[in-house]
Structures are given as C-alpha cells and as structure tokens.
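Numbering of ligands and ligand atoms starts at 1, following listing order.
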Amino acid sequence: MRLVIDRSKCRKTGQCAYLHPELFRTDTDGSPIVRVEHPGEELRAAAEEAVELCPSGAIALEE
Ligand code: SF4
C-alpha cells in the first residue's frame, strides 16, 4: 500500500502530522510530507484514520 497526498487539495492544516507523526511531518512552509510512503500492515489503521480525518480529502491510500 502507498500513502499519498494530493497537494492541489491540501489546505495545510497540519492535522495529519499532528495526529499521526509516525506517518507525516510538516515542512518549514507548512506543507505535509509523507514520512512512510509504503506503510506496513501495522500502520494501516493509522493511515486509514488519516485518510478519513483529512478535512480536504487530500490523503489517499493506494493498494
Ligand atoms: S490533514 Fe489534509 S489538509 Fe491537513 S495538512 Fe494533512 S493533507 Fe493537508
């Protein structure tokens, strides 16, 4: 599985990095960066939650 952010949709709320710092970090300009591009099964629940909670629907989990 692959965790991706659509930068054209992202509103730079910082929520993903705040809620799941194991998966995301925030760049100096406030843009989120995916820390773990190919999360293992142990991170699936966290990745799915990040997808659900992103206020702009910018995060996707591709199988
Ligand atoms: S939660 Fe969504 S909108 Fe907010 S910084 Fe992360 S990807 Fe962008």
Query raised in the report: Looking at OG of S31 and CZ of R25, how far apart are the two atoms once the value is rounded to the nearest 0.5 Å?
Result: 10.5 Å
Query raised in the report: Looking only at heavy atoms, is any part of C16 under 4.0 Å from ligand 1, and if so is it the side chain, the backbone, or both, or is it neither?
Result: both
Query raised in the report: Between CD of E37 and CD1 of I5, what distance do you get to the nearest 0.5 Å?
Result: 10.5 Å
Query raised in the report: What distance separates E52 CD from L61 CG, expressed to the nearest 0.5 Å?
Result: 11.0 Å
Report task. Run the numbers for me: atoms of ligand 1, each under 4.0 Å from some heavy atom of S56, listed by number. Result -> 3 (S)
**Report entry** Numbered atoms of ligand 1 (with element) below 4.0 Å of P55, judged on heavy atoms
**Finding:** 1 (S)
Query raised in the report: Would you say the side-chain atoms of Q15 pair up with the backbone N or O of L53, donor to acceptor, closer than 3.5 Å?
Result: yes
Query raised in the report: Considering only heavy atoms of R11, which atoms of ligand 1 have at least one such atom less than 4.0 Å away?
Result: 3 (S), 8 (Fe)
Query raised in the report: Which one holds for I59 and ligand 1: side chain close, backbone close, both close, or neither close, with close meaning a heavy atom under 4.0 Å?
Result: side chain
Report summary line: heavy-atom search around atom 5 (S) of ligand 1 in the protein gives G14 N, 3.3 Å
Report summary line: Rounded to the nearest 0.5 angstrom, the CD-CE distance for E62 and M1 is 12.0 Å
Query raised in the report: Of the protein's non-hydrogen atoms, which lies at the shortest distance from atom 2 (Fe) of ligand 1, and what is that distance?
Result: C54 SG, 2.3 Å
**Report entry** Location of contacts on P32 toward ligand 1, heavy atoms closer than 4.0 Å
**Finding:** side chain
Report task. Starting at CZ of R7, measure out to CD1 of I33 and round the result to the nearest 0.5 Å. Result -> 6.5 Å
Requested in this report: For atom 8 (Fe) of ligand 1, grab the closest protein heavy atom and report residue, atom and distance to one decimal in Å.
Outcome: C10 SG, 2.4 Å
Query raised in the report: Would a hydrophobic clustering, with Ile, Leu, Val, Met, Phe, Trp and Tyr connected at side-chain separations under 4.5 Å, put V36 with L3?
Result: yes
Query raised in the report: Against heavy atoms of T13, which atoms of ligand 1 measure under 4.0 Å?
Result: 1 (S), 3 (S), 4 (Fe), 5 (S)
